[in-house]
Amino acid sequence: MSIHVPLPVPTHSHATAPPSALSEKNQTSYDCVLEHFAAVDYSLPNVNQDQERAALTEDEKFWLSYECLLRYLRATSWNADVAIKRLEDTLKWRREFGIYDKITPEYIEPEATTGKEFLFGYDTHGRPAIYVSPSKVGAEESPRTIQLSIWMAERAFDLMGPGVETLALLVDYADNTKNPSFGLCRTTLDIIQTHYPERLGLALITHLPWLLNAFIALLTPFMDPYTRQKLVFNPVINENGLFRTAADAKAWDGDSTSRVFEPDQLIQEGWNGLQQFTYSHCEYWEALVKLCKERRSRMFVVWHRMGGKVGIKEWDVKVAVRDETIEAHADEDGALTENGQLQS
């Protein structure tokens, strides 16, 4: 049976754990960054003189989570001053790019109708998977091409469970007739590396034609070491799932952790998974927007309940949402059982 909608956020454990305690030195760096952004009179520097405009919005405070601050600190080798500068640059970029207002589902939808990018399933670490089909990219590239990629990444963040901070990218070059332009790839790469540190968990690229090797080689010098090590070309896919290498696939058994995707989390077309997913835009788009909107709304409610301030842990928010989801499902199952007994 075909499926046309995204899979729900897993509620079972992916062996994730709450953030570990920081060393004394790193805790001092974190406290410095937190104190800077949590100050009552904080305002973004070099923003126009309107104090209200320079103050952080609720969306921005929500974004400045405990884990977010740590991602920027790790990316800057725990240099608090540099991390603060990068965070402020990203806050301003997010405003200019239109993350919270311009790039709405209605605005970006025309770019998504072909199904060239979509979210579906989760890897064995609970990372949401974004599928990309370069063959479905139109003849003309536009700013919305990049905007769609960023919008999809932001929705992937909405669908991350407790302890999950990175996404999986699955790129299928089958039937590709043209390469994305070097400029487009370079711009997207710059955005990811500058404004989304430690957000790419894995990039799986399959059916890569040899002609594209030179193109990839041109891009490689612009990739930081962290990004380069996430690339996996032509991964191995068999009846047991998806693996990075043939050696991993051969060595796999039921207790092994080498499997990247289970078969029931992979689509059939291009990836030989068990899910007979077919991209039907109207059905898929409505379901994805609703799923992400509802989940983000629930996270905001929990975040407000926890104080609604900078530095709240994503772990705590997502655990609370997960537990509420499990309880709601249990109540629904109980009601169905009770009704069934009453009718029998």
Side-chain angles (χ1 to χ4, degrees), residues 6 37 42-65 67-69 71-72 75 84-119 128 130 132 136-138 140-160 165-167 169 180-181 183-200 281 284-297 299-300 303 308 310 314:
F37 287 103
Y42 175 78
S43 60
L44 269 173
N46 302 320
V47 175
N48 61 44
Q49 298 303 311
D50 184 348
Q51 188 63 29
E52 185 175 346
R53 168 67 178 160
L56 293 176
T57 65
E58 279 208 335
D59 284 311
E60 290 167 338
K61 292 177 182 178
F62 179 81
W63 179 77
L64 286 166
S65 65
E67 288 87 346
C68 176
L69 302 188
R71 287 191 289 268
Y72 278 77
I84 287 170
K85 176 65 166 58
R86 277 195 63 175
L87 280 160
E88 290 180 335
D89 287 346
T90 293
L91 284 164
K92 285 183 274 191
W93 171 83
R94 290 175 72 84
R95 290 186 178 189
E96 293 164 2
F97 197 78
I99 294 293
Y100 303 116
D101 48 21
K102 177 181 178 181
I103 307 177
T104 63
E106 296 75 22
Y107 170 84
I108 205 65
E109 183 177 3
E111 191 70 21
T113 55
T114 62
K116 62 185 174 185
E117 289 190 34
F118 59 85
L119 273 157
I130 297 179
V132 180
K136 296 179 181 178
V137 175
E140 293 185 9
E141 295 172 353
S142 72
R144 289 196 194 195
T145 305
I146 295 175
Q147 290 167 344
L148 175 63
S149 296
I150 299 304
W151 188 87
M152 280 291 176
E154 293 284 334
R155 301 295 69 77
F157 304 148
D158 290 341
L159 300 182
M160 290 177 179
E165 297 184 47
T166 58
L167 59 82
L169 192 63
S181 71
L184 175 73
C185 292
R186 174 75 188 279
T187 300
T188 305
L189 184 62
D190 285 345
I191 290 174
I192 292 171
Q193 293 183 156
T194 303
H195 301 298
Y196 292 93
E198 301 195 6
R199 283 305 215 172
L200 177 63
H281 177 72
Y284 175 86
W285 191 257
E286 181 181 359
L288 176 67
V289 171
K290 180 181 179 183
L291 177 64
C292 293
K293 183 178 180 179
E294 289 180 352
R295 180 168 172 81
R296 188 171 178 82
S297 177
M299 288 193 290
F300 253 91
W303 177 74
V310 172
E314 295 170 17

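This chain uses plain numbering: 1 for the first residue, then up along the sequence.
- For the pair R71/Y196, no side-chain contact is recorded, criterion being any heavy-atom separation below 4.5 Å from C-beta on.
- Here the straight-line distance linking atom CD1 of I103 with atom CD1 of I108 works out to 6.0 Å at 0.5 Å rounding.
- The OG1 atom of T194 sits 9.0 Å away from atom CG of D89, with the distance rounded to the nearest 0.5 Å.
- Judged by the 6.0 Å distance and 45° axis criteria, R144 is positioned over the aromatic ring of Y107.
- Residues forming a salt bridge (Lys or Arg N to Asp or Glu O under 4.0 Å) with E154 (at least two apart in sequence, or on another chain): R94.
- Under the salt bridge (Lys or Arg N to Asp or Glu O under 4.0 Å) criterion, R296 pairs with D59, D158, sequence neighbours left out.
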(request) Output, in order, the C-alpha distance, side-chain angles, deciding distance and verdict of side chain to side chain contact (heavy atoms under 4.5 Å, CB included) for L288 and F118. (result) CA-CA 9 Å; L288 176 67; F118 59 85; over 6 Å; no

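- W93 and H195 have parallel rings, their planes meeting at less than 30° on a 0 to 90° scale where 60° marks the start of perpendicular.
- Annotation for V289 and W151: closest pair CG2-CH2, 4.3 Å, computed over non-hydrogen atoms.
- Checking side-chain atoms of R295 against main-chain N and O of M160 turns up a donor-acceptor pair under 3.5 Å.
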(request) Please assess V310 against Y42 for the test side chain to side chain contact (heavy atoms under 4.5 Å, CB included), listing each intermediate value before the final yes or no. (result) CA-CA 11 Å; V310 172; Y42 175 78; over 6 Å; no

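- Listed by first and then second residue, the salt bridge (charged side-chain N to carboxylate O under 4.0 Å, His left out) pairs involving residues 97-112 are E111-K116 (not counting sequence neighbours).
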(message) Under the criterion side chain to side chain contact (heavy atoms under 4.5 Å, CB included), I'd like the reasoning laid out for L167 against L119: C-alpha separation, chi angles, the key distance, then a yes or no.
(response) CA-CA 10 Å; L167 59 82; L119 273 157; over 6 Å; no

(request) For side chain to side chain contact (heavy atoms under 4.5 Å, CB included), just list the numbers for W63 and T90, CA-CA rounded to whole Å, side-chain angles, deciding distance to a tenth of an Å, and then say yes or no. (result) CA-CA 11 Å; W63 179 77; T90 293; 3.6 Å; yes

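- Counting all heavy atoms, side chain and backbone alike, S149 lies closest to E117 at OG-OE2, 2.6 Å.
- A donor-acceptor pair under 3.5 Å links the side-chain atoms of T145 to the main chain of S142, judged by distance alone.
- For the atom pair CD of E165 and CD of E67, the computed distance is 5.5 Å after rounding to the nearest 0.5 Å.
- Of all heavy-atom pairs between A55 and R95, the closest is O-NH2, 2.9 Å.
- Taking each heavy atom of C68 and E314 in turn, the nearest pair found is N-OE2, 3.9 Å.
- Among all heavy-atom pairs drawn from W303 and E58, the shortest one is CH2-O, 3.7 Å.
- Once rounded to the nearest 0.5 Å, the distance linking OG1 of T57 with CG of L44 reads 9.0 Å.
- Under the side-chain contact (heavy atoms from CB on, under 4.5 Å) criterion, P197 pairs with Y72, A75, R86, not counting sequence neighbours.
- Taken from CG in L200 to CD1 in I192, the straight-line distance is 6.5 Å, to the nearest 0.5 Å.
- At least one donor-acceptor pair closer than 3.5 Å links the side chain of T188 to the backbone N or O of L184.
- Closest approach of T166 and P128 over heavy atoms only: O-CD, 3.8 Å.
- The salt bridge (Lys or Arg N to Asp or Glu O under 4.0 Å) test applied to K92 returns no partner, not counting sequence neighbours.
- Taken to the nearest 0.5 Å, the NZ atom of K61 stands 13.0 Å off from the CZ atom of F37.
- Under the salt bridge (Lys or Arg N to Asp or Glu O under 4.0 Å) criterion, E294 pairs with no residue at all, not counting sequence neighbours.
- Taking the six-membered ring where tryptophan is involved, the planes of F62 and F300 are essentially parallel, since the angle between them stays under 30° and well short of 60°.
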